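In what follows, a single structure is set out as structure tokens and then discussed.
In this text the structure is predicted, and so the values were computed from the model without any measurement. Note that the numbering runs from 1 along the sequence shown for the chain. In what follows, every heavy atom counts, from backbone to side chain, and hydrogens, waters and symmetry copies are set aside.
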Amino acid sequence: MSWRRWKMADILLEPLPTQWAGKPIDPDFRPMVRFNGQFIRLPDESQMPELARQTMRQFYRVPVPPEEEVDAFKALVEFYTAGPQEAGDRPGSSRTEELALDYVTDGPAIVAAFQQAYGIDLTRARLHWWRFKALMSNLPEETQLAKIIGFRTADLTQFQGEERERRAELKERFALPAALRKGGGRIVTLQDRNEAFAARFRR
């Protein structure tokens, strides 16, 4: 199975895809957000096949035959990572990169930010995943979500004295759950988990 690779510029030039890898899909942000939240919380690879199948059932509008599951999941991952990149796209993307955003923890702040910045009610609206990512990556600095991400990613070595103490307090106050912080959990790369899923069909 093959699929088309998209670049960021395509969001301006071509219709956003509603088919992927030759199959009709649900391009709404919800299946991808749910996948992200569950993926970074997987305790080990043994639960990856069930998560993959669950996400494929939500993403593809037609059942995926068992013999196509591996290729279909690879295509799903390609859709997930294609298009504009934003902070929520990165969990598990690097072995050393610390998470800046978690859709579960930050759900209320995300809803509030979209309402404030774009007048979009995410509890009701349907948004293509790539459009959702484009909007997320360009949230105005005055939104609380943008400020929270800034607190989490602040390099404290750039500050001194009382300002450093203040920044450190904000970084801790708005930190993600300990299990999702660097060194606090077993978050591996999406590629690793993808390969682990595929490996189960080679045994």
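The distance from the CG atom of Asp106 to the CG atom of Leu101 is 4.5 Å, given to the nearest 0.5 Å. In this structure, the separation between CE on Met48 and CZ on Phe39 is 6.0 Å, given to the nearest 0.5 Å. Taking CD from Glu50 and CG from Leu42, the interatomic distance works out to 10.5 Å, rounded to the nearest 0.5 Å. The NE2 atom of His128 lies 8.0 Å from the CD1 atom of Ile11; values are rounded to the nearest 0.5 Å. One distance of note links CZ of Phe29 with CZ of Arg34; it measures 9.5 Å at 0.5 Å rounding. Annotation: the span from Ile148 atom CD1 to Lys171 atom NZ amounts to 13.5 Å, rounded to 0.5 Å.
Between Trp130 and Pro17 the shortest heavy-atom distance is CZ3-CD, 3.6 Å. Between Thr55 and Pro31, the closest heavy-atom pair is CG2-O, 4.3 Å. For the residue pair Ile40 and Gly37, the shortest heavy atom distance occurs at CG1-O, 3.6 Å. Taking every heavy atom of both residues into account, Val62 and Pro24 meet most closely at CG1-CG, 4.0 Å. Looking at every heavy atom in both residues, Ala100 comes nearest to Thr153 through CB-CG2, 3.7 Å. Residues Ala146 and Pro140 share a closest heavy-atom pair of CB-O, 3.4 Å.
Judged purely by atom type and a 3.5 angstrom limit, Arg152 uses its side chain to pair as donor or acceptor with the backbone of Phe174.
For residues 136-149, there are no salt bridge (charged side-chain N to carboxylate O under 4.0 Å, His left out) pairs, not counting sequence neighbours.
At a threshold of 4.5 Å between non-hydrogen side-chain atoms, the residues Pro27 and Trp20 do not count as touching. Side-chain contact check for Lys23 versus Glu68: some heavy-atom pair is nearer than 4.5 Å. Side-chain contact between Arg126 and Asp26 is present, with at least one heavy-atom pair separated by less than 4.5 Å.
Both Leu16 and Leu76 belong to a common hydrophobic cluster when Ile, Leu, Val, Met, Phe, Trp and Tyr are linked at side-chain heavy-atom distances under 4.5 angstrom. Both Tyr103 and Tyr118 belong to a common hydrophobic cluster when Ile, Leu, Val, Met, Phe, Trp and Tyr are linked at side-chain heavy-atom distances under 4.5 angstrom. Val104 and Leu51 fall into different hydrophobic clusters, where Ile, Leu, Val, Met, Phe, Trp and Tyr are joined by side-chain heavy atoms under 4.5 Å apart, directly or via other members. Using a 4.5 Å cut-off between side-chain heavy atoms of Ile, Leu, Val, Met, Phe, Trp and Tyr, with links allowed through other members, Leu12 and Leu135 fall into the same hydrophobic cluster.
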Query raised in the report: Could you walk me through whether Phe73 and Val64 pass the side chain to side chain contact (heavy atoms under 4.5 Å, CB included) check?
Result: CA-CA 10 Å; Phe73 183 63; Val64 175; over 6 Å; no
Requested in this report: Kindly indicate, with the supporting measurements, whether the criterion salt bridge (Lys or Arg N to Asp or Glu O under 4.0 Å) is fulfilled by Glu163 and Arg167.
Outcome: CA-CA 6 Å; Glu163 181 62 15; Arg167 295 277 181 165; 2.8 Å; yes
Query raised in the report: How far apart are the C-alpha atoms of Phe114 and Leu145, what are their side-chain angles, what is the distance that settles it, and do they pass the side chain to side chain contact (heavy atoms under 4.5 Å, CB included) test?
Result: CA-CA 10 Å; Phe114 270 67; Leu145 179 64; 6.0 Å; no
Query - Steps toward side chain to side chain contact (heavy atoms under 4.5 Å, CB included) verdict (Val33, Ile110) - result: CA-CA 12 Å; Val33 165; Ile110 294 171; over 6 Å; no
Report task. Determine, step by step, whether Gln115 and Val111 satisfy the side chain to side chain contact (heavy atoms under 4.5 Å, CB included) criterion, reporting the C-alpha distance in whole Å, the side-chain angles of both residues, the deciding distance to 0.1 Å, and the verdict. Result -> CA-CA 6 Å; Gln115 189 72 59; Val111 170; 5.6 Å; no
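Separation of the Phe59 and Phe79 ring centroids falls under the 6.0 Å cut-off. The aromatic ring centroids of Tyr80 and Trp129 lie less than 6.0 Å from each other.
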